[in-house]
Structure formats: structure tokens, C-alpha cells
**Q** 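Once you've had a glance at the structure underneath, I'll fire off some questions.
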Amino acid sequence: MKPVLGFLLGAVLGANVVTLAIFFFPFAHEKRTAELFARDEKPSESVYARVLGDAVAATHGGAFPFKPFPEGIAPLAEPNVAAGFGLIIKIRDAEDRVIGFATELEVASPESSLLRGRVMTDTYWTITLPGRGALFLHETEDNWNLVKEIYLPMLVSRSDWSGEWRNVNTVGPRPDWHGVIVAGTGEFAGKTGRFLEVGTLRSATRAGELGGLLELRLFFDEGAVEARRGGG
Amino acid sequence: MTFGRTLRLGFLVGAMVTFVVLARTPRISIPRVEPVTATGEGGVIVETFVVDMPADAVALTHSGALPLEVVPASAPKLTDPELDRGLALLAKVRNERGEVVGFLSELALTAKTDGDRVGVGDWTLVFPGRGTLFLHQEAPGRALVVGGTGSLAEAKGALVAITDGTKAKDGALVGKVELRLVREPAA
């Protein structure tokens with residue numbers, strides 16, 4: 001009996017040691033929020049969305065800890081889209097005025113692995129600002145910080161979360177942890193550059209509801225802007 | 001076997017199993033679907049997609065100015081003044097064989113001169129495991145590729161509505177939209 005107990009106790013200890021080692025391991029990408037904020041780089045422009053107050057509809061195929069809405073929305077249930085997520089949301093300026101709307105389409109990334117502190121998505125933003133034009137953005141996001149600092153504590157404490165938590169959700173695909181401005185139309189035609197998705201979370205529930213503010217910080221390449229100006 | 005030895009063995013097994021489980025969590029599986037393409041005149045690559053309405057419409061909303069029911073019925077309308085010409089759509093996309101191979105969003109603005117017609121629009125088509133296409137529509141029926149990612153990063157071409165077999169029935173769009181992506185072969 002004692003050897004069996006020893007094995008079970010050892011197994012539990014081994015599992016816990018590995019789990020704690022991963023939890024406390026200082027992954028380099030965990031520090032991006034602090035490092036990017038420390039740079040205090042001013043974006044060319046920021047647009048905002050209230051989460052979830054500005055959201056019109058959202059759905060997914062089961063890979064996201066997020067409650068689909070509104071009531072009756074179809075899931076992305078088919079095998080080829082089951083890793084997907086789609087959101088329609090209004091967009092605001094810095095004065096909190098609605099200036100447009102956007103969609104955020106995501107695909108959960110097979111590169112995700114808790115062992116490497118990776119809970120990743122490939123994310124595609126389409127932002128339409130009536131009278132101005134549209135922007136098409138691509139980023140990879142890593143939600144490890146969200147899992148580690150919000151979701152796991154919620155799971156352990158069995159209670160919902162509230163507070164103020166800021167995080168740079170973007171982790172790539174650029175090596176400087178920025179996403180890419182792929183294309184633009186209207187006044188954004190010809191502009192290229194990079195961007196950051198910055199989330200300020202103020203509430204989260206175990207049912208999958210979130211509250212806070214999303215900021216998309218746009219950094220246009222000066223060269224591209226100048227070239228466009230020069231070209232008329 | 002002594003207690004100490006089984007404890008150490010258990011520790012190793014527990015650590016290794018947890019290591020493997022954490023390495024494989026979350027488990028994301030994206031099936032690889034080969035695109036169904038044909039070669040058109042001048043060597044262009046032609047790929048046909050279908051959106052079967054209303055089954056493939058996940059969400060559809062607008063300002064209320066269009067004679068269309070929102071999807072789902074509980075979806076809020078775009079009532080803000082800046083969005084009074086807006087229409088937003090999330091839908092699944094099928095290939096020629098009828099398999100769901102991706103999903104799309106369309107953000108459109110009704111033309112100022114025609115209150116009932118959708119004029120310009122911005123489309124994003126996501127094909128998990130393959131890539132994404134960003135398109136801009138300047139006129140009804142044709143959208144130009146303005147960018148892409150993944151294996152579609154260098155795509156140049158247009159998405160053309162070959163048939164819009166949809167009809168408004170009791171305020172809902174019913175029927176199939178056939179979209180043909182015509183792109184230049186990779187250099």
C-alpha cells in the first residue's frame with residue numbers, strides 16, 4: 001500500500017512543480033506591456049471601443065472563453081471554422097464619439113501552448129470610418145497574461161473579477177511586438193505601418209462576460225505618408 | 001519497492017505527464033482544406049465561393065434604413081448618426097463543393113444618392129489555416145483585393161459577384177450569393 005501512496009503523492013507533487021514552474025516562468029513576451037508603455041511612443045492616431053458596450057454581435061466555434069451574443073446568434077460550428085471568432089463593434093474617437101464600425105475576426109493559433117506561455121490568435125481588424133476610409137490590420141495576440149492574471153485566479157477563487165488591468169494584447173507578427181497595418185482606403189490609402197491593441201479590463205465573469213476599453217494605437221510609417229503626399 | 005523510490009518514480013511520471021499536457025494545451029486543430037481552383041484566361045486563378053442565405057448569415061445589422069431583417073432577430077441596429085448608412089455582416093463562406101471553408105465580414109455604406117443600395121464596402125475573408133483576404137468594394141458586384149496574409153499575402157485580383165441569387169422574402173435575404181475570386185498567379 002505504501003508504494004502506491006508514494007507513487008500517487010509523487011505524481012501529484014511532480015505535476016504541481018511543473019505547473020508552478022510554468023506559471024512563474026518569466027517568459028520574455030510577458031514583459032511587453034511594461035516595455036512598450038515605458039517607451040511612451042505617441043501613436044499617429046488611436047481609435048477605441050467599449051467592451052462590451054459597443055459590441056453589436058460576437059460568435060465563435062467554442063475555442064474562446066467568451067459568451068456569444070446577441071441571443072440566438074449562430075456558432076461557427078463547422079470543423080473548418082471552429083477555431084474562429086467574429087465580432088462586430090462600434091468604433092469611437094478619443095472624445096468618445098462613435099465615428100465608425102469594425103469587425104475583429106480571429107483564428108485560434110495552433111502555435112498556442114501553455115508550456116511556452118502562448119495562448120495565441122491570428123487577428124484581423126477591418127475598421128470603416130464613414131467619410132474617411134477603411135483600415136485593414138493583422139496582428140497575432142497572446143492572451144497568456146489574461147489567462148495567468150485574470151482567468152486562473154477567477155477559476156481558483158470561484159468568483160468574478162473586477163479592477164483595472166491594462167495589457168498590450170498584440171504580440172506580433174512584427175518582432176517588435178506590433179501588428180501590421182496591411183492596407184487602407186480613402187484617406188488611409190497607401191498608408192502602411194504598425195499598431196498595438198491595448199486592452200483595459202475592468203470586469204470579467206466566469207460566464208464569459210468582459211467589461212473595459214479597447215484601444216487600437218495606429219503608427220503610420222512617415223515614409224509612406226510622405227510618399228503619398230508627394231504623389232498627390 | 002520502497003516508499004522513497006515509488007515517490008521519486010511518481011514525481012517523474014507526474015512531471016512528465018503534466019509537461020506533455022501543458023505543451024498540448026490549448027489543443028487547436030485546423031483542418032487543411034485544399035482550395036478548389038481553376039485556371040482562367042491568361043492563366044488567372046479562379047476560385048468560386050458561395051454564401052447560402054440565410055443559413056450562412058451569422059449576424060447582419062444596419063441602421064434600419066434597409067428593408068432587411070437583422071440577424072439574429074435580437075441584434076441591435078446601428079442607430080448612431082455616423083452609422084446611419086452602415087451595414088455589417090458576418091457570414092460563413094463555402095467552397096464550390098459546398099463545404100464551409102472560412103468566414104467573412106462585410107462593412108458597407110449605402111450610397112448617398114441611393115438610399116436603398118449598398119455602395120462601397122470593405123470585406124475580410126478568413127480561411128483558417130490558409131490566409132486572409134482584405135477587399136475594398138467601390139461599386140456593387142466587384143471588390144478589389146487590397147491586401148492579404150498567409151498564403152494569400154501576395155494575392156492580387158478581385159472578387160466578383162457572379163450571381164446574387166438572393167431575394168428579400170419577408171425582409172430576409174434568401175438564396176445564394178456566388179462570389180468568384182480571380183487572382184493573378186504568383187510571380
Side-chain angles (χ1 to χ4, degrees), chain A residues 2-19 22 56-57 59 63 70-74 76 78-84 86 88 90 97-103 105 107-110 112-116 119 122 124 126 128 130-131 134 136 138 182-185, chain B residues 1-19 22-26 28-31 33 57-59 61 72-76 78 80-83 85-86 88 90 92 99-105 107 109 122-124 126 128-129 132 134 136 146-149:
Chain A
K2 270 190 175 179
V4 175
L5 278 175
F7 182 85
L8 291 175
L9 184 61
V12 170
L13 276 172
N16 278 298
V17 166
V18 170
T19 303
I22 299 301
V56 175
T59 190
E71 193 69 36
I73 193 167
L76 299 173
E78 292 79 2
N80 297 327
V81 293
I88 300 171
K90 297 175 195 173
R97 294 175 298 216
V98 173
I99 56 167
F101 55 161
T103 60
L105 307 183
V107 180
S109 172
S112 299
S113 164
L114 293 182
L115 190 67
R116 296 187 296 119
V119 184
D122 281 299
Y124 310 96
T126 310
T128 298
F136 300 94
H138 171 222
V182 177
T185 69
Chain B
M1 204 176 270
T2 64
F3 179 83
R5 287 187 72 177
T6 55
L7 183 74
R8 284 196 294 276
L9 180 64
F11 183 91
L12 277 176
V13 170
M16 284 173 66
V17 167
T18 306
F19 191 89
L22 289 177
R24 294 182 176 189
T25 304
I28 310 294
S29 170
I30 299 177
V33 184
V58 175
T61 189
S74 56
L78 304 170
D80 302 88
E82 279 293 325
L83 303 177
R85 297 189 293 126
L90 282 179
K92 297 172 189 173
E99 300 164 309
V100 173
V101 291
F103 55 116
L104 65 78
S105 74
L107 296 174
L109 299 171
D122 303 299
W123 295 68
T124 300
V126 177
T132 299
F134 298 114
H136 179 62
V146 294
T149 70

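Letters A, B, ... mirror the listed sequences (proteins, then strands); counts begin at 1. The structure presented is a predicted model; accordingly, all values stated were derived computationally and were not measured.
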**Q** If you tally heavy-atom pairs under 4.5 Å against chain B, which of A:A63, A:G131, A:G184, A:S112 wins?
**A**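 Most pairs with chain B among the choices: A:S112.
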**Q** By a 4.5 Å heavy-atom criterion (distance strictly below it), what part of B:V146 contacts chain A: side chain, backbone, both, or neither?
**A**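 Interface part for B:V146: both.
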**Q** Return the CG to CZ distance between A:N80 and B:F103, rounded to the nearest 0.5 Å.
**A**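 That separation rounds to 11.5 Å.
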**Q** Output the distance between atom CD (B:E82) and atom CD1 (A:I99), rounded to the nearest 0.5 Å.
**A**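 Rounded to the nearest 0.5 Å, the CD-CD1 separation comes to 8.0 Å.
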**Q** Using non-hydrogen atoms only, which part of B:L9 is less than 4.5 Å away from chain A: side chain, backbone, both, or neither?
**A**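 Contact with chain A is through both the backbone and side chain of B:L9.
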**Q** Considering the options B:L83, B:L90, B:T61, which one meets the side-chain contact (heavy atoms from CB on, under 4.5 Å) requirement together with A:V56?
**A** B:T61
**Q** Given the options B:S29, B:G147, B:P128, which has more heavy-atom pairs under 4.5 Å with chain A than any of the others?
**A**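 It is B:P128.
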**Q** For B:A23, is there any backbone N or O sitting under 3.5 Å from a side-chain donor or acceptor partner on A:S113?
**A**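 Pair found, side chain donor or acceptor close to backbone of B:A23.
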**Q** Quick check for you: to the nearest 0.5 Å, what is the distance between A:F101 atom CZ and B:D80 atom CG?
**A**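 These two atoms lie 11.0 Å from each other.
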**Q** Under 3.5 Å, is there a donor on one side chain and an acceptor on the other for A:T128 and B:D122?
**A** yes
**Q** Tell me whether A:T103 contacts the main-chain N or O of B:S105 through its side chain, where contact means a donor paired with an acceptor under 3.5 Å.
**A** no
**Q** Top residue by heavy-atom pair count (under 4.5 Å) with chain A, among B:L7, B:V126, B:V58?
**A**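 The answer is B:L7.
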**Q** Checking side-chain contact (heavy atoms from CB on, under 4.5 Å) for the pair A:L76/B:K92: CA distance, chi angles, key distance, verdict?
**A** CA-CA 8 Å; A:L76 299 173; B:K92 297 172 189 173; 4.2 Å; yes
**Q** Let me know if B:T124 has heavy atoms under 4.5 Å from chain A in its side chain, its backbone, both or neither.
**A**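 Both parts, backbone and side chain.
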**Q** May I ask you to test the B:V13-A:F7 pair for a side-chain heavy-atom distance under 4.5 Å?
**A** yes
**Q** Could you grab the distance from atom OH of A:Y124 to atom CZ of B:F134, nearest 0.5 Å is fine?
**A**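 Those atoms lie 7.0 Å apart.
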**Q** Which atoms of B:L104 come close to chain A, meaning under 4.5 Å heavy atom to heavy atom: side chain ones, backbone ones, both, or neither?
**A**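 Just its backbone gets close to chain A.
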**Q** Tell me if the CZ atom of B:F3 is crowded by more than 12 foreign heavy atoms within 6.0 Å.
**A**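 Yes.
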**Q** How many angstroms lie between atom CG of B:L107 and atom CD1 of A:I88, to the nearest 0.5 angstrom?
**A**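 One gets 7.5 Å once the value is rounded to the nearest 0.5 Å.
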**Q** Count the heavy-atom pairs under 4.5 Å between each of A:A74, A:A83, A:A108 and chain B, then report the option with the highest count.
**A** A:A108
**Q** Tell me, side chain or backbone of B:T25 under 4.5 Å from chain A's heavy atoms, or both, or neither?
**A**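 Both backbone and side chain of B:T25 come within 4.5 Å of chain A.
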